[in-house]
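The basis for the numbers below is simple: all heavy atoms, side chains too, and nothing from hydrogens, waters or symmetry mates.
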Amino acid sequence: MKPLLSESEDNEALKALGKASVQIVHDLKNQLNGLKLYATFLRNRLEKSGRPDDELDTVRKLMAGLDRTAKDVSLIVEYGRPLQPRKQPGTDLERILREVVAGLNAENLSDKPAVTGGFAGSVVLVSEGDSLIGAFDPALLTDALKSISLAALRLVSGKTTALEIRLKPEGLQTAVIEWKVFDSSDHDPFNSFAGSNEIRLSLAAKVIEAHGGSAKRQDGSFFVRLPLAS
């Protein structure tokens, strides 16, 4: 009978498997880019030869599908890489959230709100505390909070005219961010790879955890907790 691996050997095996998986996914992304290049050539030839619109539409759909797949593959590669947050002491968490909210509302006002999925309402930030300051990487944290907000928008679409994001202190050293999504499912999207949305949320949770915080779904809400400066 083969002996069980020790904990250190098991960790090394997992690291090796993760490294190999990232390389495989990276190679797959290169192949997808090659397919998109050929599809672009085909589209250009069809356009010049005056082919019927339905043929052109088929190629455009093919290219859109390749784009979506390439983005999902890129997310997996990004998730597999070690995070190295460049934390900046004195970063205002409320300011980061206000920038996320402003960006989402601006997208909703555009003619083709592809990013927010056509959500017809507004995003509102309710802040219940002052001086919610911590050591955060503004770029990484902004992307993570935007990904969570977009996931919340998809869940509340058709249920409400406004997505409320609530920011408040929990004690003296923790900030809590809540997105009310009106969905009490016990599925944990922050630890799932069931689809592109779950991959984005898993990556967002990884960023939150790299800042010493946590992300979870509970009682119809998304919750993020982040440490504040003492």
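Under a hydrophobic clustering in which Ile, Leu, Val, Met, Phe, Trp and Tyr are joined whenever their side-chain heavy atoms come within less than 4.5 Å, directly or via other members, Val207 and Leu132 fall into different clusters. Hydrophobic clustering (side-chain heavy atoms under 4.5 Å, transitive across Ile, Leu, Val, Met, Phe, Trp, Tyr) keeps Val124 apart from Val101. Note: the hydrophobic cluster containing Val224 also contains Leu228 (ILVMFWY, side chain heavy atoms under 4.5 Å, direct or indirect links).
Scanning for side-chain hydrogen bond (donor to acceptor under 3.5 Å, both in side chains) contacts around Asp57 gives Lys61, with sequence neighbours left out. Taking the side-chain contact (heavy atoms from CB on, under 4.5 Å) definition, one finds that Asp92 meets it with Glu94, Arg95, Ile133, sequence neighbours left out. Scored by the salt bridge (Lys or Arg N to Asp or Glu O under 4.0 Å) test, Arg45 finds no partners at all (sequence neighbours excluded). Judged as a side-chain hydrogen bond (donor to acceptor under 3.5 Å, both in side chains), and not counting sequence neighbours, the contacts of Arg166 are Glu128, Glu164. Applying the salt bridge (Lys or Arg N to Asp or Glu O under 4.0 Å) test to Lys36 and every residue at least two apart in sequence or in another chain returns Asp67. Under the rule for a salt bridge (Lys or Arg N to Asp or Glu O under 4.0 Å), Glu209 has no partner lying at least two apart in sequence or in another chain. Partners of Pro85 under the side-chain contact (heavy atoms from CB on, under 4.5 Å) rule, at least two apart in sequence or in another chain, are Leu83, Lys87, Asp137, Leu140, Ala210, His211. Residues that satisfy the side-chain hydrogen bond (donor to acceptor under 3.5 Å, both in side chains) test with Thr142, not counting sequence neighbours, are absent from this structure. Under the side-chain contact (heavy atoms from CB on, under 4.5 Å) criterion, Thr91 pairs with Gln88, Ile96, Phe136, Pro138, not counting sequence neighbours. Checked against side-chain contact (heavy atoms from CB on, under 4.5 Å), Ala152 has the following partners two or more places apart in sequence or in another chain: Leu163, Trp179, Val181, Phe222.
Residues Leu46, Leu56, Val59, Met63 make up the rest of the hydrophobic cluster containing Leu42, defined by ILVMFWY side-chain heavy atoms closer than 4.5 Å, directly or through other members. Summarising the hydrophobic clusters (Ile, Leu, Val, Met, Phe, Trp, Tyr; side-chain heavy atoms under 4.5 Å, direct or chained), the residues clustered with Phe223 are Val176.
Remark: Asp54 CG to Thr58 OG1 distance equals 6.0 Å, nearest 0.5 Å. Rounding to the nearest 0.5 Å places NZ of Lys48 at 11.0 Å from CZ of Arg43. Residue Phe190 holds its CZ atom at 8.5 Å from CZ of Arg217, rounded to the nearest 0.5 Å. In this structure, the separation between CG on Leu145 and CG on Leu167 is 9.5 Å, given to the nearest 0.5 Å. Taking CD of Glu47 as the reference point, atom CG of Asp53 lies at 10.0 Å (rounded to 0.5 Å). Summarising the geometry, atom CD1 belonging to Ile165 is positioned 7.5 Å from atom CG belonging to Leu153; distances are rounded to the nearest 0.5 Å.
A 4.5 Å side-chain heavy-atom check between Leu226 and Leu141 finds at least one atom pair inside the cut-off.
Between Arg98 and Leu125, the closest heavy-atom pair is CG-CD2, 3.4 Å. Residues Ile208 and Ala215 approach most closely at CG2-N, 4.4 Å, considering heavy atoms. The two atoms that bring Ser147 and Ala204 nearest to each other are CB-CB, 4.4 Å, heavy atoms only.
Between the Asn105 side chain and the Val123 main chain, a donor and an acceptor come within less than 3.5 Å of each other.
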